[in-house]
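All values below come from the heavy atoms of this structure, side chains included, with hydrogens, waters and symmetry mates left out. Naming convention: chains lettered A, B, ... in sequence-line order (proteins, then strands); numbering from 1 in each chain.
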Protein chains: 2
Amino acid sequence: MKEGPDIAQIGALIGDPARANMLAALTGGRALTATELAAAGGITLQTASTHLSKLETGGLLAQRKQGRHRYFTLADEAVARLIESMMGLAASRGHLRHQPGPKDPALRKARICYDHLAGDFGVRMLDSLVASGSIDAIGDGLAVTAKGESDLQCIGIDVSSLKSSRRPLCRSCLDWSERRAHLAGSLGKALLANFMEKGWARRIPESRSVIFSPEGERQFLKLFPLEA
Amino acid sequence: MKEGPDIAQIGALIGDPARANMLAALTGGRALTATELAAAGGITLQTASTHLSKLETGGLLAQRKQGRHRYFTLADEAVARLIESMMGLAASRGHLRHQPGPKDPALRKARICYDHLAGDFGVRMLDSLVASGSIDAIGDGLAVTAKGESDLQCIGIDVSSLKSSRRPLCRSCLDWSERRAHLAGSLGKALLANFMEKGWARRIPESRSVIFSPEGERQFLKLFPLEA
DNA sequence: TTCATACTTCGATGGTAACCGAAGTATTCT
DNA sequence: AGAATACTTCGGTTACCATCGAAGTATGAA
């Protein structure tokens, strides 16, 4: 009667609120210490320690020791995608953790999704890239066009070097706040890195929020216009 | 500190073994009654009843009453995709529910994944369609080519009528047994329906297994050859 | 060497939820 | 109407696990 893999183990790991909060914090892409994760989960360090070892043996987390610190990250991109897609589902079912607070609008405007840009700005960027013919959207698949490759080169992104990596260049990722797709993959990562290098955007510590400077926002909106 | 949607609720729903087994059973695509799901979960009807109402209020299940029966299905395709992707992750992390039993090989060979064909045969079919130029694979995206459209017409599938539906024509779905992509979307559904109409394949009751007749298997393998 | 920081392990506690028997409701069949 | 089927609700038990204090280990700093 029991066929196939056991999803209950993974579900139970994510099903505890403290663990879920720690995983959500790690969706920010940064490696975090046990102490930081304890704060994110709203629990003491002892409790966090047992949770973290469960998550690690369950294959959801990876850790590396560095001095007396222990840095945790999501095990791989597959886990990140799972968490994100669960957030999408949770949002669509109205499972919310928060009274909409002051930080929420910023989060919906622009935030980190593992290693790329999400939120209103992330969705707008992908829409604009598709509209301008820089990216072809076929079904759920995304591919950079020749035009896109040269346009991105002008911004300072070398697409051909990104292509050589194992990781897919483009990937669409469902946005939980916008309920629309934004750009993930190595190109999504490179674009966000590019904005931060230029000083257009910076991360808020202890949060997934990404804040654009006034000038950065102006440039971003000019670079990725919306269709009329 | 609490940002974004609450994935813990959904995780907890999936995290109970009985509920996970019921959800997995529903991945077979059939609507099942509370009694059938109780058997799938290995619990009594009373316990199943409470589980099912939790899953329904949690937004994972939909139900329709029909006489004195109550038929449950997964709420929508998004839920089905979540369950499937969790199976993929669980399989890759070695979370298995079973001692590899006699039914297992059949399941790996061909099975239902919500409404389309998965397992070795499902993966082979997509590989062959891509190799023959009937489907273009761009990143994770799949698109039917002109050649594919006419080839499929010969088999008895009218692609243009499928296109008119809201649902994506092609979608790639990660296979937990093969760890490779197979074909989902309305075309995946139509192909499986086509095989069953022709008598090539039939479903096994109470299981996700799909059994091909000797003749059906011969035809299938001929229609979807592997690259040398 | 001593103190401090970062984290783990142990042990005890408490709360939650899964579970089933029994009784109750709704629908269909005869 | 009466019986049977399908399912829900209630109540009480049980078992698990998240939690934290306290003590233990490991690494770094003074």
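Protein atom CG of B:L32 is 16 Å distant from nucleotide atom C1' of D:dC7, rounded to whole Å. Rounded to an integer number of Å, the gap from A:H69 NE2 to D:dA29 P is 9 Å. Remark: C1' of C:dT8 and CZ of A:F72 are 11 Å apart, rounded to the nearest angstrom. Atom CD of A:Q46 is separated from atom P of D:dA22 by 10 Å (rounded to the nearest Å). Rounded to a whole Å, the CE atom of A:M22 is 8 Å from the P atom of D:dT19. The interatomic distance linking A:L52 (CG) with D:dT19 (P) rounds to 12 Å, in whole Å. Straight-line distance from the CD atom of B:E36 to the P atom of D:dT5: 16 Å, rounded to whole Å. Between the CG atom of A:L45 and the P atom of D:dA18 there is a distance of 17 Å, rounded to whole Å.
If you check D:dC7, D:dT27, D:dA18 against the side chain of B:T33, the one that comes closest is D:dC7. In the set C:dC7, D:dA18, D:dC7, the nucleotide with an atom closest to the side chain of A:R70 is C:dC7. Each of D:dT27, D:dT19, C:dC7 was ranked by its minimum atom distance to the side chain of A:K65; first place goes to D:dT27. For B:R19, the side-chain atoms get nearest to C:dA18 when compared with the rest of D:dT8, D:dA6, C:dA18. Residue A:I43 places its side chain closer to D:dT19 than to any other of D:dC7, D:dT19, C:dC20. The side chain of B:H51 sits closest to C:dC19 out of D:dT9, C:dC19, C:dT8. The side chain of A:D16 lies closest to D:dT19 when the candidates are D:dC7, D:dG21, D:dT19. Of the candidates D:dT5, D:dC17, D:dT19, D:dT5 carries the atom nearest the B:R68 side chain, counting heavy atoms from C-beta on.
Heavy-atom contacts from other residues, nucleotides or ligands closer than 6.0 Å to NZ of B:K198 number more than 12.
Among the protein residues, A:T47 comes within range of the nucleic acid bases, having at least one heavy atom under 4.0 Å from a base atom. Among the atoms of the strands shown, only primed sugar atoms or phosphate atoms (P, OP1, OP2) are found under 4.0 Å from some heavy atom of A:A18. Within the nucleic acid shown, A:S53 has no heavy atom closer than 4.0 Å to any nucleic acid atom.
Toward the 5′ end of DNA chain D lies the nearest nucleotide of B:A48, the other residue of the pair B:A48 and A:P17 mapping further downstream.
Seen from the ring of A:Y71, A:R64 counts as a face-on cation partner, given the 6.0 Å and 45° thresholds. The side-chain tip of A:R108 does not point at the ring of A:W176 from less than 6.0 angstrom away and within 45° of straight on.
For the pair A:A110 and A:F121, the tightest heavy-atom approach, listed with the atom from each and the gap, is CB-CB, 4.2 Å. Nearest heavy atoms, A:A78 versus B:L89: CB-CD1, 3.7 Å. Heavy-atom minimum distance, A:N21 versus A:G41: CB-CA, 4.0 Å.
Side-chain nitrogen and oxygen atoms of B:T35 include at least one within less than 4.0 Å of the OP1 or OP2 phosphate oxygen of D:dC7. Using a 4.0 Å cut-off, no side-chain N or O of A:T44 falls inside it from OP1 or OP2 of D:dT19.
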